[in-house]
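Note sheet for the following structure.
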Amino acid sequence: MDLGLKGKVAVITGGSEGIGKASAVKLAEEGATVVICARREDVLEAAAAEAREASGGDVTGISTDVTDPAQLASLFDRVVETHGRLDILVNNAGSSAASYFGDVSDEEWQYDLDLKLFGAIRCSRLAIPHMRKQGGGRIVNVTAVAGKAPPGSSVPTSVSRAAGIALTKVMSKDYAADQILVNTVCIGLVKSGQIDRQWMADRENEPDLTRDEWYERRGKAIPVGRVGEAEEAANVIAFLASDAASYVTGSSIHIDGGSAATV
């Protein structure tokens, strides 16, 4: 199926690993020109090279801290100056910081909101004028199922993700007349660098625990019986960014193997 992405230009934040990198591969395979950003320049460049090789497409990296407004302004200026347009924004930068409410400091709250919520706000604010000028675009906010039904000890991430879901709905209403379609994917347990770091932390108590064994254990609690792959999330993101989703806006799609308590 041709998703109609040839000639489109996409920016993906948090693009150096996991869902961000997998989305870069998928969009590039479909013919889009993709710019990924993340803070660690060496990791970002390696990810861009891997994505180019895997997709056979055009993927480049620009080192950017999404909590820094000046760096974000520079990123979007460079993208438009280089490629002449901007069609797709995937707000994927984030982390899975989750703790007991009483243990989270003001500084941790502020950083999480700056990274996830304000990162998406600032990137969208910079992208929308370019999309408007050319008659439309697509924004996909990567959030989490915990933003809809937060478990205990899930802050600050569940709260910032809930805000991201609300942001999606508001923006979808405000920009529908401009043909800028805004949706969110609510992620459950999907393999990524963030989740791998949880496995590595658990190995402190079980040094012989392999990554595959750890994921197999986690998968037993998921209705489909396994942990998701980053590529499975990327497929849904590519659909929402495409002509195939031309009548979809303000929607949230769970990518969670059936584990969410909400619809």
Side-chain angles (χ1 to χ4, degrees), residues 9-30 32-83 86 88-98 107-108 110-120 122-123 126-127 140-142 144 157 160 187 190-204 210-212 214-215 227-234 237-238:
V9 177
V11 169
I12 302 174
T13 67
S16 62
E17 59 186 17
I19 291 170
K21 184 167 74 172
S23 297
V25 171
K26 182 62 178 176
L27 293 178
E29 283 177 343
E30 293 290 334
T33 296
V34 182
V35 177
I36 58 175
C37 77
R39 284 172 296 183
R40 296 172 295 169
E41 188 168 4
D42 55 339
V43 176
L44 181 67
E45 289 304 322
E50 290 172 18
R52 284 194 298 271
E53 183 175 356
S55 66
D58 186 348
V59 182
T60 56
I62 299 177
S63 178
T64 307
D65 182 347
V66 301
T67 68
D68 185 331
Q71 290 190 40
L72 284 177
S74 175
L75 166 69
F76 284 88
D77 284 347
R78 286 178 62 183
V79 169
V80 176
E81 286 170 8
T82 302
H83 302 292
L86 176 60
I88 299 161
L89 169 63
V90 180
N91 285 312
N92 175 64
S95 66
S96 54
E107 291 76 18
E108 289 168 320
Q110 189 63 62
Y111 178 74
D112 204 71
L113 290 165
D114 278 346
L115 177 64
K116 299 171 188 171
L117 177 59
F118 279 93
R122 291 171 180 138
C123 287
L126 290 163
V140 182
N141 294 321
V142 179
T157 194
S160 56
I187 304 298
V190 172
K191 293 177 184 177
S192 67
Q194 293 177 28
I195 306 302
D196 282 351
R197 286 188 277 277
Q198 294 179 20
W199 156 62
M200 288 185 279
D202 286 348
R203 289 187 68 195
E204 293 181 9
T210 68
R211 181 177 183 269
D212 287 345
W214 189 83
Y215 274 118
V227 174
E229 301 289 343
E231 292 75 16
E232 293 175 300
I237 290 168

Practice item. Indicate the atoms forming the closest heavy-atom contact of Arg52 with Thr60, along with that distance. Key: NH1-CA, 4.2 Å

Check your understanding: Of the non-hydrogen atoms in Leu44 and Ser16, which two are nearest, and what is the gap between them?
Key -> CA-CB, 4.1 Å

Exercise for review: Please round to the nearest 0.5 Å and tell me the distance separating atom CE of Met200 and atom CD of Gln198.
Suggested key: 10.0 Å

Review point. Any donor-acceptor pair under 3.5 Å linking the side chain of Gln194 with the backbone of Gly94?
Key: yes

Review point. Any donor-acceptor pair under 3.5 Å linking the side chain of Thr64 with the backbone of Ala38?
Key: no

Check your understanding: In Å, rounded to the nearest 0.5 Å, how long is the span from OH of Tyr215 to CG of Asp196?
Key -> 4.0 Å

Study note, to complete from the structure: One should read off an interatomic distance between Leu75 CG and Cys37 SG, to the nearest 0.5 angstrom, of 5.0 Å

Point to revise | Derivation of the side chain to side chain contact (heavy atoms under 4.5 Å, CB included) call for Val142 and Val90 | key: CA-CA 7 Å; Val142 179; Val90 180; 4.0 Å; yes

Check your understanding: If only atom types and distance count, is the side chain of Asn141 paired as donor or acceptor with the main-chain N or O of Asn91 below 3.5 Å?
Key -> no

Review point. Does atom CD of Glu232 have more than 12 heavy-atom neighbours from other groups under 6.0 Å away?
Key: yes

**Study point:** Qualifying salt bridge (charged side-chain N to carboxylate O under 4.0 Å, His left out) pairs, either residue in residues 68-77, two or more places apart
**Key:** none

**Study point:** Spacing of Trp214 atom CH2 and Arg203 atom CZ [to the nearest 0.5 Å]
**Key:** 12.5 Å

Review point. Closest approach of Asn92 and Gly14, non-hydrogen atoms and distance?
Key: ND2-O, 2.8 Å

Study note, to complete from the structure: What one should report as the nearest heavy-atom pair of Thr157 and Asp112 is CA-OD2, 3.5 Å

Check your understanding: Counting distance only, does the side-chain N/O of Gln71 pair as donor-acceptor with the main-chain N or O of Asp65 below 3.5 Å?
Key -> yes

Review point. CD1/Ile36 to CD1/Ile12 distance, rounded to the nearest 0.5 angstrom?
Key: 7.5 Å

Practice item. Could you pull out the closest heavy-atom pair between Lys116 and Ser95, with the gap in Å? Key: NZ-O, 2.7 Å

Review point. Can you list every salt bridge (charged side-chain N to carboxylate O under 4.0 Å, His left out) pair that touches residues 12-30, not counting sequence neighbours?
Key: Glu17-Arg40, Glu17-Arg197, Lys21-Glu50, Lys26-Glu30

Review point. Which pair of non-hydrogen atoms, one from Thr13 and one from Cys123, has the smallest distance, and what is that distance?
Key: CG2-SG, 3.8 Å

Point to revise | Donor-acceptor pair, side chain of Thr67 and main chain of Asp114, under 3.5 angstrom | key: no

Review point. If you measure from OG1 on Thr82 to CD1 on Ile62, what distance do you get to the nearest 0.5 Å?
Key: 6.5 Å

Exercise for review: Determine whether Val35 and Arg78 make a side-chain contact, defined as any pair of heavy atoms from C-beta on separated by less than 4.5 Å.
Suggested key: no

